[in-house]
Amino acid sequence: MFAVTIDSRSYPLFNLSPALTRIPLLALLLLVIPSAHAHPHAWIDLRVAVVFDETGRITALRQVWRIDPFYSLVLLEEMATDAQGNTPEEKLADIGNRMIENLTPYQYFTEVSHGGQRLQGFTVRDHGLVNAAGRLELGFTLVLPEPVNPETGPLSYAVFDPSYYIEILHDPDATVALEGASERCGLQIRQPRPDPVIVARAAALDASQTGEPDLGRHFTEHGEVRCDPAP
């Protein structure tokens, strides 16, 4: 059921160096340390703001991905030798641009639905990468293809790596913001409840292996925004 392979297309955040066309740098490093066994191999603390317009429609999800310290160190080391630019800020901008470019075919690891209907065709603006006390933070605004009315149906979102090489969970030190929302709106985060069999399968995978195509979905948190109709 599981194919043994290393393919940078499965890990779009890792494929930063032109010389690493097939093997992601982080995977190479993880292969030589004991903790490399079992998915996931990298962690991201997710911060989200749901953006409303003046009419009460949802227009975007503003995201900040707080990358774990080890992965941040790997990227900073690669940035020193591979990234374009003359200053640390220019090098961070170069890596941030490549991250966004690599994530584009994967819909930025984000699924959004309104009233049960999946949305497609996101665009990104205001993206950037910063070094926050040794942890890299990738920020961007994910613009919906068109504004949606949360009074006619809930808006649901999930941010996850399908391969589960990276675990992405909401930052426990931050709350999801509803920017511009009325008091009639609220948000609930549903925690994942993976089957023990799926957990065991993920635990059996090392950094050189990939599991079933949607393995990460089983470990994904789901945010849901609901707004009561105006009286």
Side-chain angles (χ1 to χ4, degrees), residues 5-36 39-49 60-111 121-143 159-171 173-174 205-210 216:
T5 180
I6 303 178
D7 188 343
S8 62
R9 293 175 301 173
S10 300
Y11 318 113
L13 284 180
F14 305 156
N15 187 19
L16 300 177
S17 171
L20 302 175
T21 56
R22 289 196 56 79
I23 303 179
L25 177 60
L26 182 56
L28 284 172
L29 295 177
L30 288 173
L31 282 170
V32 300
I33 61 176
S35 61
H39 278 25
H41 299 277
W43 293 264
I44 289 175
D45 290 330
L46 172 69
R47 295 182 176 181
V48 177
L61 299 179
R62 185 173 298 117
Q63 302 185 34
V64 175
W65 295 10
R66 303 189 68 235
I67 300 167
D68 73 69
F70 178 75
Y71 177 20
S72 294
L73 177 62
V74 169
L75 291 179
L76 287 170
E77 289 180 349
E78 181 164 345
M79 182 183 78
T81 58
D82 180 64
Q84 302 296 313
N86 297 318
T87 67
E89 291 76 16
E90 290 176 349
K91 290 178 178 289
L92 282 170
D94 179 57
I95 287 187
N97 287 338
R98 281 190 265 174
M99 283 182 167
I100 292 297
E101 291 172 2
N102 293 340
L103 285 167
T104 300
Y106 302 87
Q107 295 291 298
Y108 312 97
F109 281 178
T110 304
E111 287 188 359
F122 306 118
T123 57
V124 161
R125 68 169 187 255
D126 305 328
H127 68 271
L129 185 68
V130 298
N131 183 355
R135 288 188 70 172
L136 293 181
E137 296 184 355
L138 177 67
F140 58 93
T141 298
L142 186 80
V143 181
V159 182
F160 65 99
D161 171 12
S163 72
Y164 198 45
Y165 198 96
I166 309 169
E167 182 175 70
I168 305 174
L169 298 175
H170 288 86
D171 190 337
D173 296 326
L205 298 172
D206 64 27
S208 67
Q209 294 176 303
T210 57

Any side-chain heavy-atom pair from [X] and [Y] closer than 4.5 angstrom?
X    : Y    : answer
V130 : E89  : no
L61  : Y108 : no
F140 : D126 : no
L138 : L136 : no

Heavy atoms only: give me the nearest [X]-[Y] pair and the separation to one decimal.
X    : Y    : value
G96  : H127 : O-CD2, 4.3 Å
K91  : A83  : NZ-O, 3.2 Å
S72  : R135 : OG-CA, 3.6 Å
I67  : L75  : CD1-CD1, 4.3 Å
F160 : G216 : CD1-C, 3.9 Å
T141 : A60  : CG2-CB, 3.7 Å

Just how far is it from atom [atom1] of [X] to atom [atom2] of [Y], taken to the nearest 0.5 Å?
X    : Y    : atom1 : atom2 : answer
W43  : L169 : CH2   : CG    : 11.0 Å
L129 : M79  : CG    : CE    : 8.5 Å
I44  : D171 : CD1   : CG    : 12.0 Å
E137 : Q63  : CD    : CD    : 13.5 Å
I95  : I100 : CD1   : CD1   : 13.0 Å
L103 : W65  : CG    : CH2   : 5.0 Å

Going by the side-chain contact (heavy atoms from CB on, under 4.5 Å) test, name the single residue among V124, V159, V48 that passes it with L142.
->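 Considering V124, V159, V48, a side-chain contact (heavy atoms from CB on, under 4.5 Å) with L142 is found only for V124.
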
Would you call R98 and D82 a salt bridge, using N to O less than 4.0 angstrom?
->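 Result for this pair is yes, salt bridge flagged.
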
